[in-house]
Amino acid sequence: MNAPGGGPAASPTGRRILLLVGPVGAGKGTQAAALSRELGLVHLASGNLFRQALREGSPLGEQARTYMEHGDLVPDDITIQMFMHELSQPAAARGAILDGFPRTVAQAGALDQTLSERGEGIERVISIEVPLDDLVARVAGRRVCPVCGTPYHVDSDPPRVPGRCDKEGAELQQRDDDRPDVVRARLDKQIRPMLEVIDYYNRKGIVQHVDGRQPISAVTEEILEGLRTGW
Ligand code: AMP
């Protein structure tokens with residue numbers, strides 16, 4: 001773990017901006033939901049925001065469509081614009097947990113710059129770490145509610161009624177890009193830029209490294225403890 005120096009930097013505006021970083025299958029979505037509840041911060045997940053824009057057929061969705069369909073990153077300017085828009089909404093008044101963004105060092109630099117122009121900054125980067133071999137198996141069991149987006153796992157986080165969302169009762173789905181062959185390809189593409197992003201924030205001394213192989217609640221508790229104590 002990194003020594004935080006003077007402890008986590010509080011944003012001058014008083015709102016908390018946390019980043020959650022980890023490869024597909026590390027449990028980011030699950031941790032983000034728990035942290036969002038515990039801390040009262042909105043959870044902004046880039047993939048979900050883009051998929052929602054696609055479903056709504058908004059101009060943003062149309063701009064993002066071809067990239068997403070090819071599994072490519074949406075260009076930085078579109079992605080940053082989308083996040084800054086979300087951060088300007090009342091739901092983000094107390095702060096936000098960003099998930100899936102920034103995904104490249106270029107995005108990280110642009111985010112830092114845009115936030116600092118507003119007198120804000122990232123308080124903490126939480127890196128959830130799981131060995132590569134465990135990830136593919138984990139992702140294959142992942143299911144999601146098509147209505148509210150709540151994530152489940154057939155083994156480690158099952159719904160009360162198999163195959164049905166606890167909140168909506170809707171039939172849970174497996175995302176096409178969670179199938180094992182697609183997951184390997186996604187991991188290959190994701191890992192290197194993600195390590196570069198972590199390295200970028202490591203140099204700033206704001207990364208909390210968390211062992212994502214622990215039970216879900218232990219991971220949440222370790223993160224919360226880190227935020228309380230400045231680890
Ligand atoms: P995800 O659900 O996070 O895997 O994201 C699904 C798709 O949304 C990706 O394949 C990209 O096309 C797009 N996307 C998500 N996050 C970003 C990002 N930070 N920058 C650019 N494109 C993104």
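If you read the sequence from its start, that first residue is 1, and numbering goes on from there. All ligand and atom numbering here is 1-based and tracks the order in the structure. Model, not experiment: these values are computed from the prediction.
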Side chain H153, main chain P158, donor-acceptor under 3.5 Å: no
Whether E120 side chain and T114 backbone form a donor-acceptor pair below 3.5 Å: no
Any donor-acceptor pair under 3.5 Å from R184 side chain to P180 backbone: no
Close residues, ligand 1: non-hydrogen atom nearer than 4.0 Å: S46, G47, F50, R51, M68, D72, L73, V74, T79, G100, F101, R103, Q107, R175, R186
E168 atom CD, neighbour heavy-atom count above 12 within 6.0 Å: yes
Check against side chain to side chain donor-acceptor pair (under 3.5 Å), Q174 and R142: CA-CA 7 Å; Q174 182 178 44; R142 198 155 81 160; over 6 Å; no
Donor-acceptor pair between S58 and E56 side chains, under 3.5 angstrom: no
